[in-house]
Undergrad: 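Below is a structure I'd like to ask you about.
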Protein chains: 2
Amino acid sequence: MLKKQLIMEKALELFSEQGFEATSVQQITERCGISKGAFYLSFKTKDELLFSMVDYYLQQFIADIDHVVRNSNNKDIMLVDFYKNIFQAFKKHAASSRVFFNEKVFLTNKELFHKVSAYEADMSKSIVQMLEQLYREELQETKYDVMYCVKGFMKSYAELFIFSDLPLDLDQLAQSLAEKTDIIARHTTIPFITEELAQLVARPCDQEITQESLLQLIDQSIQNLEPSIERESLELLKNQVEQTTYSQAIIKGLIENIRLQPGCQWVVYVLDKYFQF
Amino acid sequence: MLKKQLIMEKALELFSEQGFEATSVQQITERCGISKGAFYLSFKTKDELLFSMVDYYLQQFIADIDHVVRNSNNKDIMLVDFYKNIFQAFKKHAASSRVFFNEKVFLTNKELFHKVSAYEADMSKSIVQMLEQLYREELQETKYDVMYCVKGFMKSYAELFIFSDLPLDLDQLAQSLAEKTDIIARHTTIPFITEELAQLVARPCDQEITQESLLQLIDQSIQNLEPSIERESLELLKNQVEQTTYSQAIIKGLIENIRLQPGCQWVVYVLDKYFQF
DNA sequence: TATACTAATGACTAATCAGTCATTTGTCAA
DNA sequence: TTGACAAATGACTGATTAGTCATTAGTATA
């Protein structure tokens, strides 16, 4: 399915330059060097392209964040790591950030709005998880508030990457925001966001990972890979989902094999959760 | 120019529901109960409508914030007042917030992007001014950072008003954010946003208020008013700009007369600055 | 080479759009 | 009542769009 990826990448460029509505299918196919008909072999409609792109790009972003939160053992630098990764992602994916954090379509198309909201809820959950790891029960009353502050810092400082390409010291930025987050976490006494409120806003409840949905996701991801070690790893993992025979170590190793594979971040994220790493 | 206002209001509703690109002039005129031709008597193009709307709605928003910052004498409640007003505005103008904080057009149309950036810069300036009043020289190193945090809080918590209509306790929210801002201001030691960086990002330098540009603005605003005390006040103020004869008290009174007049917030904001209140 | 199949093409359609302009309607003063 | 002017109309134009489909190109098998 390399054609699909090509289309999504070129479409991202164009959407980032002109927006979704203002970009025609013709323009996309011209930039891809393919015909209009070929486009409709990959995607049924222009809307379906956008849906696929949301999955393709937001999954990468969310999975990235989650990985940092889960794999940072050193609490002293967890926050710094978190912010450094976030802004590295913003820097690297400035184009997709522009599109997915600013496109109006996401507010007007209900289905799409839910999709994006669900990913945002995943991100919020990761942040709360990180805060719980860092501060344990000290933060019981205010953790959702602190999460909102973290998201606010992200949104505000991300503008530096999205709207300009100034050379910025990522390390200092990460340290600065880590300090701010720590200060807020330690000193806040008047919470506003209760757990209930946080859940009301993030309504789109994350759907459970079922064996069936995971197998479907793996099949889909396999199609994105050329025959290779990575593809073989994913096929072995598929068997493990159907019937676990290998040890945790082997399974973890197989997941690591595909962690950096483009288009596979999401399946890695879901596999991590499924096998409880 | 009541027709113009009608069109802008109905267009805002539609843009808020569907976005700018997806809304046709036909739809706008249908909701207004006017013909297509009548639309083009008020606005030369669909783009010109958007330009006018940016001025009309963002000026209200910015002027609102500036007024709080300038007129709050009590430092203890200045921050609370600030946030309460901000979120009252978000609540009241949820539709325009949705449009102007999420429309992609603003990123792809250069001229429009500069317009919006200029208003954002005005807002940033007001916030820095408030922080200077509150913390004097204690905050010299970190005030631009704190300003970015304030904007982050605004962006993050505004989602509560823009995307849902849950009943929220504005007072508690304002207090909660005021506390957070105060905490950040007092404890931050690692700044990231320097004055230089802040100015680089907010490039679109605010243009100076000249007598000429002010007179032009007043003329424009007068056209939005029916004959009334308010209109007379504005006409008197126009004379005062050309040649000051009245005392400060009278001028201030005349400005107060029109402060709450719809469509006049911006001229009030500029008059405030011009007469140095 | 012949056959069967899939992948890819691009001219085409029907719909929609922004913007125009000849015409009508409404409103004054004379 | 008339005539002169401005306000408002909506059918129309030309351009552009998403999506289709009859045709062709490419490739693998027999």
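Excluded from the calculations below are hydrogen atoms, water molecules and symmetry mates; all remaining heavy atoms, backbone and side chain alike, are included. First the proteins, then the strands, lettered A, B, ... as listed; each starts at 1.
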Undergrad: Could I get the full list of side chain to side chain contact (heavy atoms under 4.5 Å, CB included) partners for A:Gln220, not counting sequence neighbours?
TA: none
Undergrad: Sequence neighbours excluded, which residues qualify as side chain to side chain contact (heavy atoms under 4.5 Å, CB included) partners of B:Lys252?
TA: B:Asn71, B:Glu256, B:Arg259, B:Phe277
Undergrad: Would you tell me if any nitrogen or oxygen in the side chain of B:Lys36 comes within less than 4.0 Å of OP1 or OP2 on D:dA11?
TA: no
Undergrad: Would you say the ring centroid of A:Phe90 lies under 6.0 angstrom from that of A:Phe61?
TA: yes
Undergrad: Would you kindly give the CZ-to-P distance between A:Phe39 and D:dG19, to the nearest whole Å?
TA: 8 Å
Undergrad: Please report, rounded to the nearest Å, how far the P atom of D:dT17 is from the NZ atom of A:Lys46.
TA: 9 Å
Undergrad: Indicate, with a heavy-atom threshold strictly under 4.0 Å, whether B:Ser42 touches base, sugar-phosphate, or nothing.
TA: nothing
Undergrad: Scan the side chains in residues 36-43 of chain A for donor-acceptor partners under 3.5 Å anywhere in the protein, sequence neighbours excluded, and list what turns up.
TA:
none

Undergrad: Can B:Glu235 and B:Arg231 be said to form a salt bridge (charged side-chain N to carboxylate O under 4.0 Å, His left out), step by step?
TA: CA-CA 6 Å; B:Glu235 275 158 358; B:Arg231 181 167 176 159; 3.5 Å; yes
Undergrad: What is the distance from NZ of A:Lys44 to P of D:dT20, rounded to the nearest Å?
TA: 11 Å
Undergrad: Of all the choices, D:dT17, D:dT20, D:dA8, which nucleotide is nearest to the side chain of A:Tyr40 once you look at every atom?
TA: D:dT20
Undergrad: Round to the nearest Å and state the distance from A:Ile28 atom CD1 to D:dA18 atom P.
TA: 8 Å
Undergrad: On DNA chain D, check which nucleotide each of A:Gln27 and A:Gly37 is closest to and give me the residue with the more 5' one.
TA: A:Gln27
Undergrad: Measure from CG on A:Leu41 to P on D:dA25 and round the result to the nearest Å.
TA: 17 Å
Undergrad: Sequence neighbours left out, what passes side chain to side chain contact (heavy atoms under 4.5 Å, CB included) with A:Asp66? Give chain and number order.
TA: A:Arg70, A:Ser126, A:Tyr269
Undergrad: I'd like the 5' and 3' limits of the part of DNA chain C contacted by chain B, with heavy-atom contacts below 4.0 Å.
TA: C:dC17 to C:dT20
Undergrad: Who passes side chain to side chain contact (heavy atoms under 4.5 Å, CB included) against A:Glu13, sequence neighbours left out?
TA: A:Lys10, A:Glu17, A:Arg31
Undergrad: Hey, which of these two, A:Ile34 or B:Ser24, hits DNA chain C nearer its 5' end, going by closest nucleotide?
TA: A:Ile34
Undergrad: Please report the distance, rounded to the nearest Å, between CG in A:Leu14 and P in D:dA18.
TA: 12 Å
Undergrad: Would you mind reading off the distance between A:Glu21 atom CD and D:dT17 atom P, rounded to a whole angstrom?
TA: 12 Å
